[in-house]
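Within every chain, numbering begins at 1; the chains are lettered A, B, ... in the order of the sequence lines, protein sequences first and strands thereafter.
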There are 2 protein chains.
Amino acid sequence: MLPDLKIQQLRYVLTVVDERGFHAAARHLHRTQPALSMAVKELEQRLGQRLFEKGGKAELTPFGNYCLPRFRELVTQHDRLGRDIVARVDKRAGHIDMAAVPSVASRLMPTLLADFIALYPNLKVSLHDGNADYVRGLVAAGEVDLGLTSLWQEDEEFSFEGLIRDAVGVVCRDDHPFATRTELRWQELQGQPLIRNGTSRLLDNTAAEPLLAQSAFYISNMISLTAMLVAGIGVTTLPRLAFPEEYERLRFIPLTRPHVEREIGLLKPSRRSLSPAAQAMEAFITAQLVR
Amino acid sequence: MLPDLKIQQLRYVLTVVDERGFHAAARHLHRTQPALSMAVKELEQRLGQRLFEKGGKAELTPFGNYCLPRFRELVTQHDRLGRDIVARVDKRAGHIDMAAVPSVASRLMPTLLADFIALYPNLKVSLHDGNADYVRGLVAAGEVDLGLTSLWQEDEEFSFEGLIRDAVGVVCRDDHPFATRTELRWQELQGQPLIRNGTSRLLDNTAAEPLLAQSAFYISNMISLTAMLVAGIGVTTLPRLAFPEEYERLRFIPLTRPHVEREIGLLKPSRRSLSPAAQAMEAFITAQLVR
DNA sequence: GGCCATTGGTAAGAGAAGCTTATCGTTTCT
DNA sequence: AGAAACGATAAGCTTCTCTTACCAATGGCC
C-alpha cells in the first residue's frame, strides 16, 4: 500500500542537504556521487514529487523542505534504536535477575557480583534468595534469568551446570566433644541431639537418613538455628558453605563414610534463552567458579 | 559504524510475532516463508543475538522481547511518516499562501476558492491582497506560493501565465453625459476632471498617457475613490474587473482607440518549484480561467 | 505406534537493487 | 574564454532478496 522508505535513502537526502551538495555528501558517506543521485531520484519517483530543485543545484523544493525535518526525525530515532540495541548486545546496558540459596547468596555472591560489576559497570543485577525450591520456582516461572542452587532431580525444563561441591558436616559448639575432631563418621552421631534444618534433606536416600528420624527439632531459620547451637541445645548438619563462620563458638567437622555433598551450580531454563546481560553473567560465573 | 536496520526486516519480525508463525506472516506479507526465515536470520546475525528461540517455534527470546516494542515503535513512526507524505502528494493535506490584486481578490477569488476547497476539502488557503507591486514582492520573497496579478515587465525570476484580459474604461456617475454611451474614445476625455488611481499606470506608454497629466487628483484607496465619483467630483479610469458594480449610481463605459487592457495571470517563481498543494491550485486556476 | 499435516530451516538459481566507472551538459569563477 | 566544479546519465558488475524445491522436526489423530 504505502511504499517502504528506506532509512538509507533518507540518510542520503539528509547528508546532501547538510553537506550542501551531492559530491560532498558522497565523500562523507564513502559512496560515489552517482550513487546518491540515483538513490535520491528513485526516492523522488516513488514519492511522486521532487525533493531537490532541478536546476543542477542541491536546493530543496518546498516539498523537500516539508519532508526534511520528518526524515531527520525518523533517521534519528532509527539511530537511537540502533545504539540502544547494540548497547544491549555489547552488555553495556541491561539487567539480570538472579536467585540463589542463602548460603550462596551470602557467601559467594558479594564478591562475585562486585567483580562482575567491575567488568560490566552499566549492568544492573537483582538478587533474590530463598531455599532451593524457591530458586527453582523462580527460574521455572521465568521470574529470574539464572539461579544458583543445588538440584535434586534432573528435569527437561532446566539446564543445570554443576560448579562447586559442598561437603556436609556437623556443626556444634566449641565445648562439645566433637569440637576438636577433624572428621566424623555418621555412626558417631547416634544418640546426639540432632537438629534438622532446611539442608537436611540432602541426606535423604543416603546412609545418614535413619539418623534424622531421631531428631526432635526442625528449624528452618538460620538465625534461630545458630542461636540453638550456640545455646548448646544440640548439633546439626550443614554443608560447609552454609556454616556461619562468623560465630566464634561454633565448629564445623566434616562427615565421612559415606561422604555426602551437595553440588551447587547454575540453573537456567533450557527452553528459553538468556538475555545478552544474563549470558555475560553466566559466562562470568562459570569462569569464576569452575577451577 | 552502526548497521542500518531495514524497515522491511523489522516489519517482518513484527508480522511473524503478530501472526504467530512464519507461514502465516508470509501469507500476510505476500512473500514466501523462506524469505522471512532468511531475512530474520540475516537481521539476527547482524545484531549478534537471536530474536526467535531456536526450537522450530516462532517464540521470541528475551532479547527479542526487548527489541519487539522498539521495532514496533520505529515501524509505526515510519508508516505514519509515509502516510503523512502521501497525503501531501495526493493533495489531501497542506496549505497554499496566495496573493492577489484587490479586484481579483474580491471579484474572482471568492467563488474560485469555494470551488477549489470543494475539490480539495483538506487543503488550507491563505489569501493576501495588495497592489501589483506588493503581490510581486510576496511572490519574489517566497512568502506566498502564487500571485494573481498583472505584470509589466517580463522577468527571469518569475513565470507569468496570462489568464484573462481586462479592458480599461471610464467610470462616471449616472447623470454624467458619458453615462449613456456604450463606448468612448480617449480624446473625449479631454477637459474632463479626471481622477487618477492605482490602476492608472496601466495607461503609461499608451496614447492615453498625456491625458493623465491634466489630472488634479490621485486617490489610491478604492472606498475614497468611489466616494468621490458618487459625489460627482470627476471621472476615473478602471479596468472592468476593478469597477465596483455594487454602486448603483456608477457607470462603466469601455474606452476604445486605442484599446487598453491589462492582462491578469498567475505569477509564480520560476526558480523555485511549488508545493503539491500549490500545484493543485495552479492547475485548478488555469483550468478555470483559461477558456 | 505409525501416518500425515504443519512447522521452520536450507540450498540453488533467478531477478532486482545498488554501486562504480566513465562520460556528458551546465554553471560558475577566474 | 577557459577551467573547475556541479549534478545527471549510461553501462556493467556486485550484492542482496526472493522463489522454488527439498529436508528435518513436531504434533495430532486414528
Side-chain angles (χ1 to χ4, degrees), chain A residues 2-47 49-61 63-64 68 75 78 156-157 270-273, chain B residues 2-47 49-61 63-64 68 75 156-157 269-273:
Chain A
L2 41 97
D4 252 5
L5 305 171
K6 289 176 209 121
I7 294 291
Q8 185 173 239
Q9 289 180 323
L10 306 189
R11 200 190 300 282
Y12 283 1
V13 172
L14 297 184
T15 310
V16 169
V17 172
D18 291 345
E19 301 289 321
R20 281 180 287 285
F22 283 71
H23 278 93
R27 239 171 286 131
H28 197 265
L29 291 164
H30 307 109
R31 293 283 127 82
T32 55
Q33 167 262 318
L36 303 201
S37 284
M38 288 163 51
V40 168
K41 194 172 99 177
E42 202 272 344
L43 177 59
E44 287 176 336
Q45 268 167 225
R46 231 178 4 186
L47 296 180
Q49 285 282 333
R50 305 200 61 123
L51 293 165
F52 291 94
E53 296 285 5
K54 30 198 173 236
K57 278 270 144 282
E59 275 175 0
L60 288 171
T61 61
F63 178 67
L68 192 72
V75 170
H78 164 275
E156 268 298 296
E157 196 179 350
S270 60
R271 309 230 189 284
R272 258 175 297 131
S273 49
Chain B
L2 43 96
D4 252 6
L5 304 172
K6 290 178 209 117
I7 293 292
Q8 184 172 241
Q9 290 179 321
L10 305 189
R11 199 192 299 283
Y12 284 0
V13 171
L14 297 184
T15 310
V16 169
V17 172
D18 292 344
E19 301 289 321
R20 280 179 287 284
F22 283 70
H23 279 92
R27 239 171 285 130
H28 196 266
L29 291 163
H30 307 108
R31 291 283 128 80
T32 56
Q33 169 263 316
L36 302 200
S37 284
M38 295 188 328
V40 168
K41 194 171 98 177
E42 201 272 344
L43 177 59
E44 286 176 336
Q45 270 168 222
R46 232 181 0 187
L47 295 181
Q49 284 283 331
R50 305 200 59 123
L51 293 165
F52 291 95
E53 295 285 5
K54 29 195 172 239
K57 279 269 142 292
E59 275 175 0
L60 287 171
T61 60
F63 179 66
L68 192 72
V75 171
E156 267 297 295
E157 194 179 351
S270 61
R271 310 231 189 284
R272 259 175 297 132
S273 50

* A/Arg46 atom CZ: more than 12 heavy-atom contacts under 6.0 Å -> yes
* Specify the separation, in whole Å, of atom CG of B/Leu51 and atom P of C/dG8. => 15 Å
* **Length of the line joining B/Arg46:CZ and D/dC16:C1', which is rounded to integer Å** => 11 Å
* Structure fact -> Rounded to whole Å, CG of B/Asp4 lies from P of C/dG18 at a distance of 12 Å
* Carefully, step by step, assess A/Leu60 and A/Val17 under the rule side-chain contact (heavy atoms from CB on, under 4.5 Å). => CA-CA 8 Å; A/Leu60 288 171; A/Val17 172; 3.9 Å; yes
* Asked: Quick one: is C/dT6 close enough that its OP1 or OP2 comes under 4.0 Å of any side-chain N or O from B/His23?
  -> no
* Structure fact -> A/Glu53 atom CD is separated from D/dA8 atom P, nearest whole Å, by 12 Å
* Establish, with yes or no, whether the OP1 or OP2 oxygen of C/dC19 is under 4.0 angstrom from a side-chain nitrogen or oxygen of A/Gln8. => yes
* Asked: Which of residues 31-45 of chain B sit near DNA chain C, with a heavy atom under 4.0 Å from it?
  -> B/Gln33, B/Pro34, B/Ser37, B/Lys41
* Could you state the NE2-C1' distance from B/His30 to D/dT17, rounded to the nearest angstrom? -> 18 Å
* **Phosphate-side-chain proximity, A/Lys6 and C/dG18, N/O vs OP1/OP2 below 4.0 Å** => yes
* Only one of A/Val40, A/Asp18, A/Leu36 clears side chain to side chain contact (heavy atoms under 4.5 Å, CB included) with A/Val13; which? -> A/Val40
* Close side-chain approach of B/Leu10 to B/Leu43, heavy-atom, < 4.5 Å -> yes
* What's the CZ-P distance between B/Phe22 and D/dT26, to the nearest Å? -> 16 Å
* Structure fact -> Of all heavy-atom pairs linking A/Gln9 and A/Ala39, the shortest is NE2-O, 3.8 Å
* Is the shortest heavy-atom distance from the side chain of A/Glu59 to the side chain of B/Arg271 under 4.5 Å? -> no
* To do: Send over the distance from B/Lys57 NZ to D/dA24 P, rounded to a whole Å.
  => 18 Å
* **N/O (side chain, B/Tyr12) to phosphate O (OP1/OP2, D/dT17) under 4.0 Å** => no
* Asked: Do you know the tightest heavy-atom contact between A/Ala58 and A/Gly21?
  -> CB-CA, 3.9 Å
* **Distance, rounded to the nearest Å, where B/Glu59 contributes CD and C/dT7 contributes P** => 15 Å
